[in-house]
Amino acid sequence: MIPDTILSGATIYPMVTAPMTCGAIAIGGDRILAAGPADDIEALAGASTRTVRLPSEYAIIPAFHDSHQHLLSYVRSRTRVALWDTTSIAALLERLRAEAMRRPPGEWIVAVGHDQGRLTERRHPTRAELDAAVPGHPLLIYRACNHVALANSVALTRTGITAATPDPPGGRIERDSDGSPTSVLLEAAMALAMHVVEAPSIDWRAGVQDAAREYHKRGIVAIGEAALGHIAGLHDLKIVNDLIRDGGTGLRMYALAYGAVAEAMLQAAEAGESQESWHNDAWLRFGAIKYFADGTLGGGTAWLSEGYGDEPGNSGFPLVPAEELDVRVLRAHRAGFQVAIHAIGDAAVAMALDAYERALTAYPRANHRHRIEHVEVVHAGLPERFARLEVIAAIQSCFTWWEEGDVTRLGPGLAPWGHAWGALQRAGVILANGSDNPVLPDFAPLQGIAAAVTRKAHNGRTIAAHQAIGLIDALRSYTWGSAYAAFAEHEQGALAPGMYADIAVLDGDPLTVEPERIPEISVVMTIAGGKIMYEQ
């Protein structure tokens with residue numbers, strides 16, 4: 001077959017073999033035809049072949065595979081008031097005050113991206129501060145992690161939350177000494193407010209297409225949708241079938257089904273039925289069921305084996321009892337699904353591994369590829385349990401850069417085990433890297449790769465330097481590792497004949513620059529299925 005396109009002259013990172021300088025990639029249709037020395041590959045060109053000769057300092061890598069993010073949540077977040085870049089309470093309040101000036105009194109204001117760990121004051125704004133800034137509108141602010149929300153007095157009145165309102169199962173209403181609610185709603189308590197928020201409709205087609213362009217600019221072609229069903233229940237399934245299937249947006253998606261979508265898939269599998277809505281094609285694939293074990297470090301709801309260093313007496317809490325998680329995991333495992341459990345604190349990670357071990361003991365299954373999402377804290381022995389049970393760690397190394405204020409909340413016993421990518425790697429655990437977008441100010445994979453190698457945070461602080469991993473391992477976690485976690489490593493995540501031609505071209509070679517400067521490298525071309533989706 002005559003190649004349609006040849007990329008030649010740069011350093012190639014095949015991921016399945018060692019990097020090669022002055023290499024080339026031949027593309028035919030949606031597949032890679034050959035990879036090797038530039039002279040050998042260019043000899044394959046025909047009259048119609050487009051040969052792109054790249055500077056020798058450039059690098060050609062598999063397009064990034066973000067194993068855990070929330071495309072639909074990202075689209076929705078772009079319709080709300082953005083707080084990701086605020087660095088002080090004064091700036092946050094001014095942003096909200098300006099938004100209130102633009103809206104008619106009484107209209108809901110919903111904001112996203114707040115993170116007290118990145119504010120100078122290192123705290124949430126108080127209810128009184130929110131009321132003073134936005135006195136005439138109901139206001140709901142989602143913390144960046146989406147596990148905590150802040151409500152002003154008008155919003156609390158609209159939602160009916162009072163001192164007499166009990167904490168819901170799996171959630172807490174933060175209260176003053178007299179029992180009155182503060183502004184803070186944790187985990188399931190957010191639902192008390194969410195169901196009355198009046199939100200504008202979303203143009204999903206335009207929003208997903210616009211979001212896809214942002215992914216392509218960052219070299220991302222494949223994504224793991226980490227909770228399909230979280231935004232609009234079964235309607236989420238319709239959105240991705242309409243917009244992702246058949247490659248219309250140039251994004252490949254592996255869906256982790258959640259809520260109503262998960263239940264529909266489980267019931268169908270148990271009844272021996274097949275549904276067109278979740279059949280696999282080259283762009284949209286299914287196979288995982290998603291559960292939550294705990295919350296987040298920044299919200300103080302991640303479940304730890306010891307108290308938070310900055311909040312004595314609080315060690316977080318599980319969102320479900322261990323017995324209930326066991327039942328859920330066993331059901332999905334027995335039905336043949338991969339299971340993905342959100343577990344951030346080490347106690348939650350241990351509970352998740354317990355559930356997997358019990359399910360595998362009851363119903364042994366090879367190649368199950370069960371996953372734990374985030375794994376931000378472990379303790380001695382847990383990495384080896386991961387490896388023994390063959391559980392994948394779906395990590396987000398970019399958290400080390402952006403969420404220094406979260407991981408540094410750990411007490412002295414657990415601080416050395418925060419973001420323990422190194423311990424997991426050394427134990428032989430497969431790492432599948434991602435961003436959890438939209439919880440961060442940005443989701444560029446190169447920032448996450450740099451953080452995995454340097455352990456540097458945005459403020460210059462070094463986080464548990466002994467937990468660093470090497471550059472090739474970091475690149476592999478964001479390509480082949482994430483493809484493996486999605487059962488796609490035979491077609492995605494590497495540059496080899498027969499693989500999808502999903503490729504990112506960088507204007508610098510990560511191996512030849514100082515690790516701290518890796519984020520300065522730009523993506524100059526992104527190819528999805530042989531088609532150029534982004535070119536600088």
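Because its NZ or CZ atom is not both nearer than 6.0 Å to the ring centre of F487 and within 45° of the ring axis, R285 does not count as a cation-pi partner of that residue.
At least one donor-acceptor pair under 3.5 Å links the side chain of S397 to the backbone N or O of G448. Side chain of D507 to backbone of S522: a donor-acceptor contact under 3.5 angstrom is found. H370 places a side-chain N or O within 3.5 Å of a backbone atom of V339 that can act as its donor or acceptor partner. Between the side chain of T249 and the backbone N or O of A212, no donor-acceptor pair lies under 3.5 Å. Looking only at distances, no side-chain donor or acceptor of T120 sits under 3.5 Å from a matching main-chain atom of I89. Side chain of N152 to main chain of V134: a donor-acceptor pair is present (N/O by atom type, distance under 3.5 Å, no hydrogens or angles). Panel note: side chain T526, backbone H216; a donor-acceptor pair is recorded below 3.5 Å. Under the 3.5 Å distance criterion, the side-chain polar atoms of D115 are left unmatched by any main-chain donor or acceptor of A144. Checked by atom type and distance alone, the side chain of E276 never pairs as donor or acceptor with a backbone atom of S274 at under 3.5 Å.
Aromatic pair Y215/Y534: ring centres not closer than 6.0 Å.
For the 3.5 Å distance criterion, the side chains of Q338 and H368 fail to qualify, holding no donor opposite an acceptor. A donor and an acceptor atom, one from each side chain of E187 and H147, are located under 3.5 Å apart.
The OG atom of S477 sits 3.5 Å away from atom CG of N433, with the distance rounded to the nearest 0.5 Å. Between the CG atom in L251 and the CD atom in E225 there is a gap of 11.0 Å [rounded to 0.5 Å]. Note that NE2 of H490 and OH of Y500 are 13.0 Å apart. Values are rounded to the nearest 0.5 Å. Atoms CD1 and OG1, from I27 and T5 in turn, are 5.5 Å apart once rounded to the nearest 0.5 Å. Going from atom CG of L83 over to atom OG of S77 covers 11.0 Å, rounded to the nearest 0.5 Å. Atom CG of N459 sits about 8.0 Å away from atom OG1 of T408, to the nearest 0.5 Å.
The pair E324-R328 meets the salt-bridge criterion, since a charged nitrogen lies less than 4.0 angstrom from a carboxylate oxygen. A salt bridge links R123 to E129: at least one charged side-chain nitrogen sits closer than 4.0 Å to a carboxylate oxygen.
A heavy-atom distance below 4.5 Å is not found between the side chains of P438 and V112. Looking at V407 and T400, their side chains never come closer than 4.5 Å, going by heavy atoms from C-beta outward. You'll find the side chain of P181 reaches within 4.5 Å of the side chain of R127, heavy atoms only.
For the salt bridge (charged side-chain N to carboxylate O under 4.0 Å, His left out) test, residues two or more places apart in sequence or in another chain that qualify with R331 are E263, E270. Residues satisfying the salt bridge (charged side-chain N to carboxylate O under 4.0 Å, His left out) criterion with D442, sequence neighbours excluded, are R218. Listed by chain and residue number, D242 satisfy the salt bridge (charged side-chain N to carboxylate O under 4.0 Å, His left out) test with K238 (two or more places apart in sequence, or in another chain).
Between H70 and H68, the angle of the ring planes goes over 60°, which puts this pair in the perpendicular group of the 30/60° scheme. Between H114 and H124, the ring planes lie tilted relative to each other; the angle falls in the 30° to 60° range. Note on ring orientation: taking the six-membered ring where Trp is involved, the planes of W402 and H458 are parallel (angle under 30°, cut-offs 30° and 60°).
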query: Run the salt bridge (Lys or Arg N to Asp or Glu O under 4.0 Å) check on R476 and E489 step by step: do they pass?
result: CA-CA 11 Å; R476 188 175 172 85; E489 77 278 10; over 6 Å; no
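Looking at Q492, R252, R31, H65 one by one, the single match for side chain to side chain donor-acceptor pair (under 3.5 Å) with D502 turns out to be R252.
Open room surrounds CZ on R334; 12 or fewer heavy atoms of other groups in view lie less than 6.0 Å from it.
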